[in-house]
Amino acid sequence: MSAPRTIAAARNDGLRVYAQYDGDFEEEADVLVVGSGPSGAVVAHGIAAAGRSVILLEEGPPFTPQDYEFEGSLSMARTMREAGLRRTEGTILPTMQAIALGGGSLVNSAICVRPPAFIFDQWAEFFELEHTSREVLDPHFDAVEKFLGIAPTPENVQGRRNLLMKEACDKLGYSSEPIARNVRGCKGSGECFTGCRARAKQSMDISYIPEAMRLGARVLTSVQVQRVLHEGRRATGVEGQVVEPLTGRPGHRFRVRAGTVVLAAGCMATPVLLQRSDDLANRSGQVGRNLQFHPGVAVAGIFPDVVNPQFGATQGWQSLEFLRDGFKLETLWAPPPVSAVRMPGFGKALLERFHDLPYLANWDAIGSTHRSLGTVKARRRGMKPRLKWNFHHEDVKILTHALWVIAELFFAAGARKIIPGVMGLPPEMHSLDDARVLQTHPIKARDLISAGNHAFCTTRMHGDSSLGVVDEFGRCHDLDNLYIADTGIFPRCPSVNPMFTGMALAHRATQRILESL
Amino acid sequence: MSVLIVVLVLLALLVRRAFFGYAKPDREFEILVPREVALIETTAEVMFPAGGAIPFSGLDADLPGYADRFLSAIEPGVRRQIRALFALFEHVTMFFPAPGWNGGKRFSSLSIEQREIVLQGWSSSPNFARQLVFTALRAVLTMGYLGHPEVLRRLRLAPYAFDSPIVEADLLYPKIGAHPDMIALSEEDLTPPSDGTPVDLEGPVHHLYAETSQEVAESPP
Ligand SMILES: Cc1cc2nc3c(=O)[nH]c(=O)nc-3n(C[C@H](O)[C@H](O)[C@H](O)COP(=O)(O)OP(=O)(O)OC[C@H]3O[C@@H](n4cnc5c(N)ncnc54)[C@H](O)[C@@H]3O)c2cc1C
Ligand code: SF4
């Protein structure tokens with residue numbers, strides 16, 4: 001293996017941005033990876049580290065701090081697909097996917113949680129998996145943890161908003177802990193969703209990808225892969241078009257050939273890519289099916305004294321106490337306009353509520369809602385997915401239980417009122433007694449103001465090739481050299497934030513790919 | 001024949017009442033047309049009124065400017081949906097009049113009291129679809145209002161000022177749209193990474209959110 005090159009050499013030989021494409025082109029490598037999110041970046045790095053040639057293709061551009069936008073909606077319009085306004089049909093659930101070098105890691109809160117052993121045991125049991133347990137995956141989690149410096153959020157950047165949840169959990173006797181994140185030197189600016197100006201968050205664009213480039217990886221940005229090329233049981237490459245950053249305007253065409261093709265375009269994009277490629281890898285009929293989310297609900301608590309919610313790690317504290325009941329509790333902060341969007345009313349009453357923002361903490365629950373299923377389908381034209389999803393009434397109960405628990409926590413911590421964000425219920429509740437309506441009122445799916453930014457299972461792994469798209473190592477059952485490495489391969493929702501699990505599985509898949517080269 | 005003429009005349013009158021006679025805005029917008037500017041301003045006036053808990057009204061916050069930036073930044077399909085929402089809001093009072101004298105006008109031509117009643121109707125409607133439409137419109141305006149530097153400063157929620165360290169990635173990637181040759185940094189320019197010192201809560205805010213020297217001069221001591 002040759003010595004790592006300088007960063008300048010990596011840039012000159014390894015990176016292509018939109019301004020550099022001046023005609024149609026073709027490239028070739030041992031391995032090509034579509035998608036530079038957490039999963040794809042881990043694969044590209046692992047292949048490069050082994051001295052094999054690898055090309056990473058990403059539709060979005062790299063974002064520099066100069067490109068970040070503080071204002072929440074404008075930031076989402078730039079960094080997210082469909083301007084951050086994507087939603088499912090059926091039950092309407094807003095859901096986002098990034099379009100940027102680094103994928104979701106650029107704009108997420110960097111939460112890294114290993115699912116407890118019982119989650120993997122359920123996966124193994126229901127999906128006939130022999131090599132997927134917490135014990136087997138721990139070395140892969142360890143490797144990623146070490147590389148990214150994943151560690152619990154230190155106390156000095158927690159801020160009051162996060163520590164109030166600790167206080168509340170302690171009072172009610174619930175276990176809780178600081179959230180472990182892929183962050184080095186966090187300043188507690190609470191800006192993770194719009195890009196980390198402190199360059200503390202180890203998003204893929206500043207961690208795995210530069211290191212992969214030093215090791216020889218080539219990275220093509222602003223390229224939209226539109227089709228996987230294939231012959232018999234072999235994928236031979238991909239083709240697509242250059243797209244202008246932010247507008248998506250199509251440009252030159254390209255083709256990349258490779259001995260092994262890895263799709264890590266995200267669980268709402270990879271199925272579309274396969275469907276656009278003659279319904280590739282779909283003998284099981286499972287491509288694009290089983291779409292699952294962790295739908296989240298958030299409650300705002302207003303305290304008597306100032307919380308200064310803009311200070312502190314965006315999401316710094318969590319409780320896994322209720323994981324077996326189907327939900328995980330976390331603290332949350334988003335830019336003020338986003339945090340306030342759920343506030344009810346208008347006019348002077350609304351301004352009064354905005355005035356409460358400095359006294360506010362937001363806490364949320366994400367649900368393990370594996371009965372609520374959906375589909376991802378290609379539309380007649382383009383690569384935009386059509387999403388359908390239905391919230392199962394039993395899963396709705398999980399989240400209404402969570403809302404009650406959050407209400408309990410807020411009042412235990414001394415909140416003077418809460419804003420539960422449930423349509424059809426009082427917009428504000430001033431005591432736990434007021435909040436009891438959360439337990440008694442029959443809350444329906446459409447009453448919940450919910451969002452689902454964790455998505456999975458659309459190309460699920462299964463030991464039985466007639467019931468899943470890939471095996472445990474991410475290799476498509478139907479092809480010898482086509483792998484999938486994004487969260488679509490999860491057989492079921494992981495119950496905790498998915499990025500770390502996606503990276504651990506990608507790390508394991510990389511070893512398998514290298515063995516096959 | 002004469003019935004047809006009457007219908008056509010009525011239709012022409014309706015179209016005129018619905019789409020014409022808007023004042024020309026005092027500046028150019030990339031996307032918004034005068035009808036949308038009027039709707040946004042007149043809604044903002046009621047949504048975030050003067051004399052409320054935040055002494056900076058929706059009219060002060062240049063929400064048409066924000067909406068124009070937002071609509072320019074999003075893809076055409078979503079943009080069409082949001083503009084359809086604006087059109088619905090602006091014209092629905094012609095078919096379901098607001099109470100009071102001449103309540104059958106477009107929203108932006110109603111009196112401030114009538115607009116308040118109309119918004120109240122939308123916001124408290126038991127009809128799910130109406131609530132959804134209202135929530136969507138309020139969301140767009142709230143984003144603009146609470147994104148305004150003056151509002152954030154008054155709430156003490158403006159982003160903090162601090163220097164971004166220069167890391168290797170800054171030597172790799174140019175600003176969006178630029179050529180890598182434009183990167184003027186080299187390895188000598190790298191700075192130590194963030195040491196995890198928390199942002200200074202009492203410190204200055206980011207320069208985009210700081211009061212301009214003119215505002216400082218004008219503001220009361
Ligand atoms: C706001 C937000 C906050 C979140 N917070 C957390 C958190 O704190 N912790 C956590 O664990 N999870 C979090 N998540 C979820 C997490 O970010 C995702 O689960 C994770 O990014 C998935 O990684 P991935 O590699 O599978 O896909 P992605 O991150 O979606 O990466 C896929 C990449 O492929 C690219 N791509 C797609 N189609 C094409 C194509 N046709 N051609 C070329 N490139 C293509 C995309 O642009 C994207 O960059 C959050 C998500 C959001 C939206
Ligand atoms: S809280 Fe601020 S400093 Fe910390 S990782 Fe997030 S954006 Fe970076």
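Proteins get letters first, then strands, A, B, ... in listed order; numbering begins at 1 in each.
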How long is the gap from [atom1] on [X] to [atom2] on [Y], to the nearest 0.5 Å?
{"X": "Thr142(B)", "Y": "Phe354(A)", "atom1": "OG1", "atom2": "CZ", "answer": "4.0 Å"}
{"X": "Arg78(A)", "Y": "Ile176(B)", "atom1": "CZ", "atom2": "CD1", "answer": "5.0 Å"}
{"X": "Leu155(B)", "Y": "Leu360(A)", "atom1": "CG", "atom2": "CG", "answer": "11.0 Å"}
{"X": "Leu357(A)", "Y": "Arg154(B)", "atom1": "CG", "atom2": "CZ", "answer": "15.5 Å"}
{"X": "Phe70(A)", "Y": "Leu208(B)", "atom1": "CZ", "atom2": "CG", "answer": "6.5 Å"}
{"X": "Asp195(B)", "Y": "Cys186(A)", "atom1": "CG", "atom2": "SG", "answer": "11.5 Å"}

Residue [X] versus chain A: region with a heavy atom under 4.5 Å:
{"X": "Gln81(B)", "result": "side chain"}
{"X": "Pro76(B)", "result": "neither"}
{"X": "His148(B)", "result": "neither"}
{"X": "Val46(B)", "result": "both"}
{"X": "Thr197(B)", "result": "both"}
{"X": "Leu171(B)", "result": "both"}
{"X": "Ile82(B)", "result": "side chain"}
{"X": "Pro165(B)", "result": "both"}
{"X": "Leu141(B)", "result": "neither"}

Of the backbone (N, CA, C, O) and the side chain (C-beta and beyond), which part of [X] lies under 4.5 Å from a heavy atom of chain B, both, or neither?
{"X": "Ile206(A)", "result": "both"}
{"X": "Asp205(A)", "result": "both"}
{"X": "Pro210(A)", "result": "both"}
{"X": "Ile7(A)", "result": "both"}
{"X": "Glu191(A)", "result": "side chain"}
{"X": "Leu101(A)", "result": "side chain"}
{"X": "Arg446(A)", "result": "both"}
{"X": "Met343(A)", "result": "backbone"}
{"X": "Pro65(A)", "result": "side chain"}

Please identify, among [options], the residue contributing the most non-hydrogen atom pairs under 4.5 Å to chain B.
{"options": "Met213(A), Gln20(A), Glu244(A)", "answer": "Gln20(A)"}
{"options": "Pro61(A), Gly188(A), Ser73(A)", "answer": "Ser73(A)"}
{"options": "Arg16(A), Arg214(A), Met80(A), Arg184(A)", "answer": "Arg214(A)"}
{"options": "Ser189(A), Ala19(A), Pro337(A), Pro358(A)", "answer": "Pro337(A)"}
{"options": "Ala83(A), Gly347(A), Gly190(A)", "answer": "Gly347(A)"}
{"options": "Ala200(A), Gly72(A), Pro335(A), Ala77(A)", "answer": "Ala77(A)"}

* Asked: Are the side chain of Lys187(A) and the backbone N or O of Val199(B) linked by a donor-acceptor pair below 3.5 Å?
  -> no
**Report entry** Phe29(B): ring-ring contact (aromatic ring centres under 6.0 Å, His included) partners, not counting sequence neighbours
**Finding:**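 For Phe29(B), no residue satisfies ring-ring contact (aromatic ring centres under 6.0 Å, His included) once neighbours in sequence are set aside.
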Can you see which heavy atom on [X] is nearest to which on [Y], and at what distance?
{"X": "Gln310(A)", "Y": "Arg156(B)", "answer": "NE2-O, 2.8 Å"}
{"X": "Leu146(B)", "Y": "Ala340(A)", "answer": "CD1-CB, 3.1 Å"}
{"X": "Val17(A)", "Y": "Ala178(B)", "answer": "CG2-O, 3.7 Å"}
{"X": "Met423(A)", "Y": "Leu132(B)", "answer": "CE-CD1, 4.3 Å"}
{"X": "Val341(A)", "Y": "Ala139(B)", "answer": "CG1-CB, 4.0 Å"}
{"X": "Gly196(B)", "Y": "Val157(A)", "answer": "O-CG1, 4.1 Å"}

Using a 4.5 Å heavy-atom cutoff, which residues in residues 48-58 of chain B come close to chain A?
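Within residues 48-58 of chain B, near chain A: Phe48(B), Pro49(B), Ala50(B), Gly51(B), Gly52(B), Ala53(B), Ile54(B).
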Sorted by number, residues from residues 65-75 of chain B in contact with chain A (heavy atoms, under 4.5 Å):
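Heavy-atom contacts from residues 65-75 of chain B to chain A are Tyr66(B), Arg69(B), Phe70(B), Ala73(B), Ile74(B), Glu75(B).
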| request: May I ask you to check if Arg138(B) and Phe346(A) form a cation-pi contact, with NZ or CZ under 6.0 angstrom from the six-membered ring centre and within 45° of the axis? | output: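 Because its charged atom misses either the 6.0 Å distance or the 45° angle limit, Arg138(B) does not stack over Phe346(A).
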Looking at side-chain heavy atoms only, is the closest gap between [X] and [Y] below 4.5 Å?
{"X": "Ser194(B)", "Y": "Arg199(A)", "result": "no"}
{"X": "Pro336(A)", "Y": "Leu152(B)", "result": "yes"}
{"X": "Asp67(A)", "Y": "Tyr173(B)", "result": "no"}

- Task: State yes or no: are the ring centers of Tyr160(B) and Phe311(A) separated by less than 6.0 Å?
- Result: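 Aromatic pair excluded; centres sit 6.0 Å or further apart.
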Are more than 12 heavy atoms, taken from residues, nucleotides or ligands other than [X], located less than 6.0 Å from that residue's [atom1] atom?
{"X": "His355(A)", "atom1": "NE2", "value": "no"}
{"X": "Arg87(A)", "atom1": "CZ", "value": "no"}
{"X": "Lys384(A)", "atom1": "NZ", "value": "yes"}
{"X": "Glu155(A)", "atom1": "CD", "value": "no"}

### Task
Tell me, with the steps shown, if Arg11(A) and Ile183(B) meet side-chain contact (heavy atoms from CB on, under 4.5 Å).
CA-CA 10 Å; Arg11(A) 179 181 71 213; Ile183(B) 300 174; 3.9 Å; yes
(Q) According to side-chain hydrogen bond (donor to acceptor under 3.5 Å, both in side chains), does anything in residues 38-51 of chain B pair up with another residue at least two apart or in another chain? List the pairs. (A)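 Listed once each, the pairs are Glu45(B)-Arg115(B).
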Give the C-alpha distance, both sets of side-chain angles, the deciding distance and a yes or no for salt bridge (charged side-chain N to carboxylate O under 4.0 Å, His left out) between Arg197(A) and Asp163(B).
CA-CA 8 Å; Arg197(A) 276 187 293 150; Asp163(B) 290 331; over 6 Å; no
Taking Gly77(B), Pro180(B), Ser186(B) one by one, which has the highest count of heavy-atom pairs under 4.5 Å against chain A?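 Most heavy-atom pairs within the cutoff with chain A belong to Pro180(B).
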For chain A, which candidate among Tyr209(B), Phe134(B), Tyr145(B) shows the most heavy-atom pairs at distances under 4.5 Å?
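So the answer, after comparing Tyr209(B), Phe134(B), Tyr145(B), is Tyr209(B).
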